[in-house]
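Read the structure below first, then the notes.
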Amino acid sequence: MPEGREQQQTTAASSKPLALPAPRSAEAGQCLSRLVQMGAQYTALDDKYLGQGCSLLTSVQLSGLASDGANLSVSNLGPVTCEVSQVFSGWARYGVDRAARQILGSPVRTIETMGSYSCRNVAGTGRRSGHATGAAIDVSGFVLEDGRRITVKGGWFGGSAKEQQFLRTVQQSACKRFETVLGPDYNSAHNDHLHVEGVIGTKSYCR
């Protein structure tokens with residue numbers, strides 16, 4: 001093989017993300033087992049160090065969640081850490097679906113998102129976003145079983161009284177579970193979604 005060609009192939013190979021075998025730690029296994037118990041449907045992903053402070057460790061690809069008596073779908077969602085997926089699954093069932101039934105009179109069929117993993121900084125800073133490690137999800141709307149679609153952009157300020165109540169209820173529920181929750185009241189960059197990130201510890205930031 002010509003020397004130049006061999007060097008090109010070596011360079012190309014070294015530029016690829018470093019993929020490690022799927023996590024086998026006891027902690028990771030327990031998290032995946034809890035997801036199963038919660039009725040979540042997922043695929044466990046290999047660990048990847050993607051460079052520039054970005055990584056996907058102990059992450060999963062969610063394909064479905066469970067409500068009290070049915071399945072919930074999630075749209076446009078990429079890799080998410082197992083721990084955040086577990087919190088998201090609980091929020092979807094207890095914080096979102098139950099609120100929809102109580103306030104809007106219909107269960108939720110689909111949670112719409114604007115994605116999860118993205119190797120980028122927090123806007124206007126040099127600090128990596130929670131998205132850079134798959135620890136954050138941007139939720140943009142909800143489709144109900146009766147066909148209604150409630151979006152953060154259209155419903156937060158412009159929806160009916162019940163739609164506004166529903167969106168604020170699910171945000172407050174998220175604030176009890178996630179470390180950081182940002183919505184339209186935070187700034188204009190969040191006027192069309194709820195940013196949910198991390199797992200609540202001793203304190204949380206909710207706006």
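Residues: numbered from 1 along the sequence shown.
- When atom types are taken as modelled, the side chain of Q41 and the backbone of N71 share no donor-acceptor pair closer than 3.5 angstrom.
- Separating the OG atom in S59 from the OH atom in Y117 is a distance of 10.0 Å, to the nearest 0.5 Å.
- Nearest heavy-atom pair across C119 and R128 is SG-NH2, 3.8 Å.
- Of the possible donor and acceptor atoms, none in the side chain of R207 sits under 3.5 Å from a partner among the backbone N and O of P184.
- A 4.5 Å side-chain heavy-atom check between L50 and L56 finds at least one atom pair inside the cut-off.
- Between F88 and V80, the closest side-chain pair of non-hydrogen atoms is not below 4.5 Å.
- Under a 3.5 Å cut-off, the side chain of R93 and the backbone N or O of S89 do not form any donor-acceptor pair.
- Taking each heavy atom of Y42 and S63 in turn, the nearest pair found is N-OG, 4.0 Å.
- A side-chain N or O of W156 and one of D185 form a donor-acceptor pair less than 3.5 Å apart.
- Scanning both residues, S173 and W91, for their nearest heavy atoms gives OG-CD1, 3.5 Å.
- Under a 3.5 Å cut-off, the side chain of Q164 and the backbone N or O of F157 do form a donor-acceptor pair.
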Step-by-step side chain to side chain contact (heavy atoms under 4.5 Å, CB included) determination, F178 to V87: CA-CA 7 Å; F178 296 95; V87 176; 3.7 Å; yes
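- Other members of the hydrophobic cluster containing Y205, listed by chain and number, are L182, Y186; membership follows side-chain contacts under 4.5 Å among ILVMFWY residues, whether direct or relayed.
- The CG atom of L35 sits 6.0 Å away from atom OG of S85, with the distance rounded to the nearest 0.5 Å.
- Put simply, the side chain of N187 gets close to the backbone of H190: a donor and an acceptor are under 3.5 Å apart.
- A distance of 12.0 Å separates CZ of R101 from CD1 of I103, quoted to the nearest 0.5 Å.
- Side chains of V152 and L194 form a contact here, defined as non-hydrogen atoms less than 4.5 Å apart.
- The NZ atom of K162 lies 14.5 Å from the CG atom of L167; values are rounded to the nearest 0.5 Å.
- Scanning both residues, A44 and L32, for their nearest heavy atoms gives CB-CD1, 4.3 Å.
- The shortest distance between side-chain heavy atoms of S140 and K153 does not fall below 4.5 Å.
- For the atom pair CG (L62) and CD (Q86), the distance works out to 11.0 Å, reported to the nearest 0.5 Å.
- Side-chain atoms of T125 come within 3.5 Å of backbone atoms of R127 as a donor-acceptor pair (strictly under, hydrogens ignored).
- The backbone N or O of T58 sits less than 3.5 Å from a side-chain atom of D47, completing a donor-acceptor pair.
- In this structure, the side chain of R177 does not engage the main chain of V196 through any donor-acceptor pair within 3.5 Å.
- Q102 has its side chain out of reach of T169: every pair of non-hydrogen atoms, C-beta onward, lies at least 4.5 Å apart.
- Note that the CD1 atom of I200 and the CD atom of E179 stand 8.5 Å from one another [nearest 0.5 Å].
- Of the possible polar contacts, one joining the S129 side chain to the H131 backbone as a donor-acceptor pair under 3.5 Å is found.
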Side-chain donor/acceptor pairs under 3.5 Å, residues 109-116, sequence neighbours excluded:
{"from": "T110", "atom 1": "OG1", "to": "S73", "atom 2": "OG", "distance (Å)": "2.7"}
{"from": "E112", "atom 1": "OE1", "to": "R149", "atom 2": "NE", "distance (Å)": "2.9"}
{"from": "E112", "atom 1": "OE1", "to": "R149", "atom 2": "NH2", "distance (Å)": "3.1"}
{"from": "E112", "atom 1": "OE2", "to": "R149", "atom 2": "NE", "distance (Å)": "3.1"}
{"from": "T113", "atom 1": "OG1", "to": "S75", "atom 2": "O", "distance (Å)": "2.8"}
{"from": "T113", "atom 1": "OG1", "to": "N76", "atom 2": "O", "distance (Å)": "3.2"}
{"from": "T113", "atom 1": "OG1", "to": "G115", "atom 2": "N", "distance (Å)": "3.2"}
{"from": "S116", "atom 1": "OG", "to": "G78", "atom 2": "N", "distance (Å)": "3.1"}
{"from": "S116", "atom 1": "OG", "to": "G78", "atom 2": "O", "distance (Å)": "3.1"}
{"from": "S116", "atom 1": "OG", "to": "P79", "atom 2": "O", "distance (Å)": "2.9"}

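- Side-chain atoms of I150 and L104, non-hydrogen and from C-beta on, do get closer than 4.5 Å to each other.
- Closest of all the heavy-atom pairs between D97 and S67 is OD2-CB, 3.3 Å.
- Residues Q165 and S160 form no side-chain contact, since every pair of their non-hydrogen atoms from C-beta on lies 4.5 Å or further apart.
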Test log, rule side chain to side chain contact (heavy atoms under 4.5 Å, CB included), inputs V74 and L65: CA-CA 8 Å; V74 184; L65 304 172; 3.6 Å; yes
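- The same ILVMFWY cluster, assembled from side-chain heavy atoms under 4.5 Å apart, contains both V96 and L77.
- Smallest separation of non-hydrogen atoms from I137 and V84: CD1-CG1, 4.4 Å.
- In this structure, the side chain of D146 engages the main chain of R148 through a donor-acceptor pair within 3.5 Å.
- Between H193 and H195, the two ring planes are perpendicular [angle over 60°; tilted spans 30° to 60°].
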